[in-house]
Novice: 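Below: one structure in structure tokens.
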Amino acid sequence: MQKIFEETHKDANSNARLGLLSLGHGVVETPVFMPVGTNGTVKGMYHQDVEKIGYKLILGNTYHLYLRPGMEVLDQFGGLHAFSNWKHNLLTDSGGFQVFSLSGLRKISQKGVSFQSHIDGSKHLFTPEKVVDIQKVIGSDIAMCLDVCTPPEISLKAATEAMHITHSWAERAILHRNSLGESFRGNLFGIVQGNFYKELRKESAQFFNSMEFPGIAIGGLSVGETKEQFIEFLAYTADIVTKEKPRYVMGIGSPDYILEAVENGIDMFDCVLATRMARNGAVFTDDGVVVLKKAIHKFDARPLEEGCTCTACTQYSRSYMHHMVKTGEMLGGMLATEHNLTYFYRLMEKVRAAIAEDRFSSFKRDYLARFYGR
RNA sequence: GGAGAGGUUCCCGAGCGGCCAAAGGGGGCAGACUGUAAAUCUGUUGGUUACACCUUCGAAGGUUCGAAUCCUUCUCUCUCCA
């Protein structure tokens with residue numbers, strides 16, 4: 001197994017760390033936030049602008065891309081990089097989360113997960129092997145194992161069963177990856193599950209520590225639990241997952257969740273929040289979230305955030321952004337998305353600088369105090 | 001001048017004797033959004049001393065136990081004919 005991660009600095013007063021993640025389409029500095037581009041596009045953004053902000057690693061989604069445009073199209077174009085003209089790294093989620101969020105349409109068995117398309121209702125089966133195959137065609141630099149993600153407050157029995165299926169699927173995914181040899185060029189990551197039971201989290205983390213995965217994700221968080229639960233289980237799980245490999249918490253977040261993860265030594269995270277909230281008219285700033293549709297911005301000539309380099313902040317006022325949002329113009333969502341992605345990129349730059357200077361914990365405390373207006 | 005249609009809560013618009021403070025949109029306001037079935041969804045939108053009362057369906061008067069709904073007059077708008 002090839003080593004793709006190198007820790008370059010460890011914060012003196014917390015578990016936060018800096019690292020370099022070497023992937024098929026370039027090196028990525030960690031901790032890193034990855035924008036989500038489910039359908040081969042970060043909604044509302046040109047790839048060139050995502051790149052210009054500085055992002056070198058974005059997400060795609062196996063489930064969505066498999067349904068549309070389908071494997072034949074992606075195969076013809078030689079993968080998603082060429083098809084979507086994205087020159088940097090791609091991480092694809094396995095569809096495990098869709099298995100969870102589209103739960104009304106799916107059925108899980110030891111064999112795999114059968115589900116109905118949310119688009120046309122057609123029936124499909126995902127097995128751990130098939131999901132590896134799909135991500136091979138997509139050309140993912142990081143591919144995720146098919147897993148079973150579960151919501152909070154399920155029984156120990158149900159959580160155990162879901163975890164065991166996740167583990168057996170991981171073993172099969174590894175075997176299948178190995179059988180593909182050189183033709184599978186991505187890095188297959190395992191996903192720790194275990195719901196909100198510490199004994200299961202421990203078992204799952206140890207299981208994945210022992211497996212031949214180049215990176216490990218902590219899954220099953222940010223699925224509807226309280227923030228206290230999130231913090232508790234993040235810290236507990238992160239403490240057990242090996243520090244030799246890149247560690248990825250899936251599906252976060254907001255600045256508080258991200259900083260919490262970084263403090264626990266997490267290297268990677270992705271979230272739709274930045275882009276979705278932008279499309280719904282809310283932008284992030286160091287002073288908190290600004291809801292653009294509010295009348296308070298109607299005559300405000302200031303930019304969204306002083307000093308921000310994005311298009312909205314350098315060329316338009318809050319008043320204009322308010323107008324864009326109120327009128328439902330496409331440009332509003334586009335500008336807000338670019339702003340939010342710029343915001344999160346700069347936040348991560350500040351995070352990395354703080355770690356480099358061994359002051360992450362105070363940075364986190366001060367940042368959140370300002371963000372939440374205290 | 002003649003004939004017809006119509007004036008409903010911020011706007012459009014349903015209602016055509018009681019279940020109407022009045023459907024449904026829109027707009028406004030508030031909230032949610034965390035491995036994207038989301039440029040989406042939810043709540044709220046006359047007043048108050050609030051499981052009740054008050055004011056409200058162009059205006060005034062009338063019929064009725066009861067009227068946004070029926071009658072009379074007035075007023076305004078629109079369409080057609082002169």
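Sequence lines set the chain letters: A, B, ... in the order given, protein chains first and strands last, and positions in each chain run from 1.
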Novice: Does the side chain of K350(A) come under 3.5 Å of the side chain of Y367(A) through a donor N or O and an acceptor N or O?
Specialist: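 No, because no side-chain N or O of K350(A) sits under 3.5 Å from a partner of the opposite role on Y367(A).
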
Novice: Taking the P atom of each, how far is A32(B) from G24(B), in whole Å?
Specialist: 25 Å

Novice: Does the plane of the ring in F115(A) sit parallel, tilted or perpendicular to the ring in Y63(A)? Use 30° and 60° as the thresholds.
Specialist: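 Taking Y63(A) first and then F115(A), their aromatic rings sit tilted (interplane angle of 30° to 60°).
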
Novice: Provide the Watson-Crick or G-U wobble partner of U49(B), both distances under 3.5 Å; none if there is no partner.
Specialist: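 Partner of U49(B): none.
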
Novice: Rounding to the closest angstrom, what is the interatomic distance between G27(B) and C78(B) at atom P?
Specialist: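 It comes out at 28 Å once rounded to the nearest Å.
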
Novice: Rounded to whole Å, please give me the gap between CD1 in I138(A) and C1' in G35(B).
Specialist: 14 Å

Novice: Using purine N1 to pyrimidine N3 plus N6-O4 or O6-N4 for Watson-Crick, or N1-O2 and O6-N3 for G-U wobble, both under 3.5 Å, which nucleotide pairs with U64(B)?
Specialist: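 Partner of U64(B): none found under 3.5 Å.
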
Novice: As a test of reading the structure: which of G35(B), U36(B), C33(B) is closest to the side chain of C271(A), going by heavy atoms?
Specialist: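 Nucleotide nearest to C271(A)'s side chain: G35(B).
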
Novice: Going by purine N1 to pyrimidine N3 plus the second Watson-Crick contact, or the G-U wobble pair, all under 3.5 Å, which nucleotide sits opposite U69(B)?
Specialist: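 U69(B) is paired with nothing.
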
Novice: Mind checking the P distance from A82(B) to U77(B)? Whole angstroms is fine.
Specialist: 23 Å

Novice: Using a 4.0 Å heavy-atom cut-off, does A217(A) contact any base of the nucleic acid, only the sugar-phosphate backbone, or nothing at all?
Specialist: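 Result for A217(A) = nothing.
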
Novice: Please name the nucleotide paired to A21(B) by Watson-Crick or G-U wobble geometry with both distances under 3.5 Å, or report none.
Specialist: none

Novice: What nucleic acid atoms does G253(A) come within less than 4.0 Å of, heavy atoms only: base, sugar-phosphate, or nothing?
Specialist: base

Novice: Rounding to an integer number of Å, can you tell me how far I119(A) CD1 sits from A38(B) P?
Specialist: 9 Å

Novice: Out of A37(B), G31(B), C33(B), which has the shortest distance to the side chain of H64(A)?
Specialist: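 Nearest listed nucleotide: A37(B).
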
Novice: Is D147(A) side chain donor-acceptor paired with the G35(B) base, going by distance under 3.5 Å alone?
Specialist: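 Side chain to base: pair found, below 3.5 Å.
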
Novice: When you check the phosphate oxygens OP1 and OP2 of A37(B), does a side-chain N or O of S101(A) lie under 4.0 Å from one of them?
Specialist: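 True: S101(A) side-chain N/O within range (under 4.0 Å) of A37(B) OP1/OP2.
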
Novice: Taking atom types as modelled, find out whether S361(A) and E263(A) have a side-chain donor-acceptor pair closer than 3.5 angstrom.
Specialist: yes

Novice: For C53(B) versus C33(B), give the span between their C1' atoms, rounded off to a whole number of Å.
Specialist: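 Pairwise C1' distance, C53(B) against C33(B), rounds to 41 Å.
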
Novice: Starting from C1' on A32(B), measure out to CZ on R276(A) and report it in whole angstrom.
Specialist: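 Between C1' of A32(B) and CZ of R276(A): 11 Å.
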
Novice: Would you kindly give the CZ-to-C1' distance between F33(A) and G35(B), to the nearest whole Å?
Specialist: 11 Å

Novice: Mind checking who U9(B) pairs with, Watson-Crick or G-U wobble, both distances under 3.5 Å?
Specialist: none

Novice: Can A52(B) be described as syn, meaning its chi torsion is within 90° of 0, or is it anti?
Specialist: anti

Novice: Apply the test ring-ring contact (aromatic ring centres under 6.0 Å, His included) to residues H167(A) and F208(A): give CA-CA distance (whole Å), side-chain angles for both, the deciding distance (0.1 Å), then the verdict.
Specialist: CA-CA 8 Å; H167(A) 291 181; F208(A) 281 100; 5.4 Å; yes

Novice: May I have the distance from N280(A) (atom CG) to A38(B) (atom C1'), rounded to whole angstrom?
Specialist: 7 Å

Novice: Are any of Q98(A)'s side-chain N or O atoms less than 4.0 Å away from OP1 or OP2 of G35(B)?
Specialist: no

Novice: Take atom P in C10(B) and the same atom in U56(B), then report the distance between them in whole Å.
Specialist: 13 Å

Novice: Pick the C1' atom in G6(B) and in C16(B), then give their distance to the nearest Å.
Specialist: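 Here G6(B) and C16(B) have their C1' atoms 14 Å from each other.
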
Novice: For atom NZ of K243(A), decide whether the heavy atoms of other residues, nucleotides or ligands shown that lie under 6.0 angstrom number more than 12.
Specialist: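 Yes, the 6.0 Å shell around NZ holds more than 12 heavy atoms from other groups.
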
Novice: Is the shortest distance from a Lys or Arg side-chain nitrogen in E260(A) or K364(A) to a carboxylate oxygen in the other one below 4.0 Å?
Specialist: yes

Novice: Just call it for L59(A): base, sugar-phosphate, or nothing, with non-hydrogen atoms closer than 4.0 Å on any strand.
Specialist: sugar-phosphate

Novice: In terms of relative ring orientation, are H81(A) and H25(A) parallel, tilted or perpendicular, with 30° and 60° separating the classes?
Specialist: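 Because their plane-to-plane angle is under 30°, the rings of H81(A) and H25(A) count as parallel.
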
Novice: Can you tell me how far P of C33(B) sits from CD1 of I252(A), to the nearest Å?
Specialist: 15 Å

Novice: Report the residue (Y248(A) or G328(A)) whose heavy-atom-nearest nucleotide on RNA chain B is the more 5′ of the two.
Specialist: Y248(A)

Novice: Roughly, in whole Å, what's the span from CD1 in I296(A) to P in G31(B)?
Specialist: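 The answer, rounded to whole Å, is 11 Å.
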
Novice: Measuring only the P atom in each nucleotide, how far is A68(B) from G4(B)? A whole number of Å is fine.
Specialist: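 It comes out at 27 Å once rounded to the nearest Å.
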
Novice: Look at all strands and tell whether E260(A) reaches a base, only sugar-phosphate, or nothing, counting heavy atoms closer than 4.0 Å.
Specialist: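 Nothing: the residue E260(A), judged by heavy atoms under 4.0 Å, touches no strand.
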
Novice: Any donor-acceptor pair, under 3.5 Å, between the side chain of K293(A) and the base of G31(B), if you only look at N and O atoms?
Specialist: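 Check passes, donor-acceptor contact within cut-off.
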
Novice: Classify the nucleic acid contact of G220(A) as base, sugar-phosphate or nothing, counting any heavy atom under 4.0 Å across all strands shown.
Specialist: base

Novice: Could you identify the nucleotide paired to U40(B), looking across every strand shown and requiring Watson-Crick or G-U wobble geometry with both distances under 3.5 Å?
Specialist: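 Pairing partner: A32(B).
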
Novice: If pairing requires Watson-Crick or G-U wobble contacts with both distances under 3.5 Å, which nucleotide is the partner of U79(B)?
Specialist: A3(B)

Novice: K326(A) near the nucleic acid: base, sugar-phosphate alone, or nothing, with a heavy-atom cut-off under 4.0 Å?
Specialist: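 Since only primed, P, OP1 and OP2 atoms lie under 4.0 Å of K326(A), the category is sugar-phosphate.
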
Novice: Could you check whether D270(A) gets within reach of a base, just the sugar-phosphate, or nothing at all, counting any heavy atom under 4.0 Å?
Specialist: sugar-phosphate

Novice: How is K294(A) classified with respect to the nucleic acid when contacts are heavy atoms under 4.0 Å: base, sugar-phosphate, or nothing?
Specialist: sugar-phosphate

Novice: Quote, to the nearest angstrom, the P distance that separates U49(B) from A37(B).
Specialist: 46 Å

Novice: In whole angstrom, give the distance that lies between atom CZ of R279(A) and atom C1' of A39(B).
Specialist: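 Distance, rounded to whole Å: 6 Å.
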
Novice: Would you mind pulling out the nucleotide paired to U56(B), Watson-Crick or G-U wobble, both distances under 3.5 Å?
Specialist: none

Novice: Answer with yes or no whether T275(A) presents, from its side chain, a donor or acceptor under 3.5 Å of a partner atom in the base of U36(B).
Specialist: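 Such a pair exists between side chain and base.
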
Novice: Taking atom NZ of K198(A) as the centre, does the number of heavy atoms from other residues, nucleotides or ligands within less than 6.0 Å exceed 12?
Specialist: yes

Novice: With nearest nucleotides of RNA chain B determined for N39(A) and D256(A) from heavy-atom distances, which residue corresponds to the more 5′ nucleotide?
Specialist: D256(A)

Novice: Can a salt bridge be assigned to the pair D49(A) and K52(A) using a cut-off of 4.0 Å between side-chain N and carboxylate O?
Specialist: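 The answer is yes: the pair qualifies as a salt bridge.
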
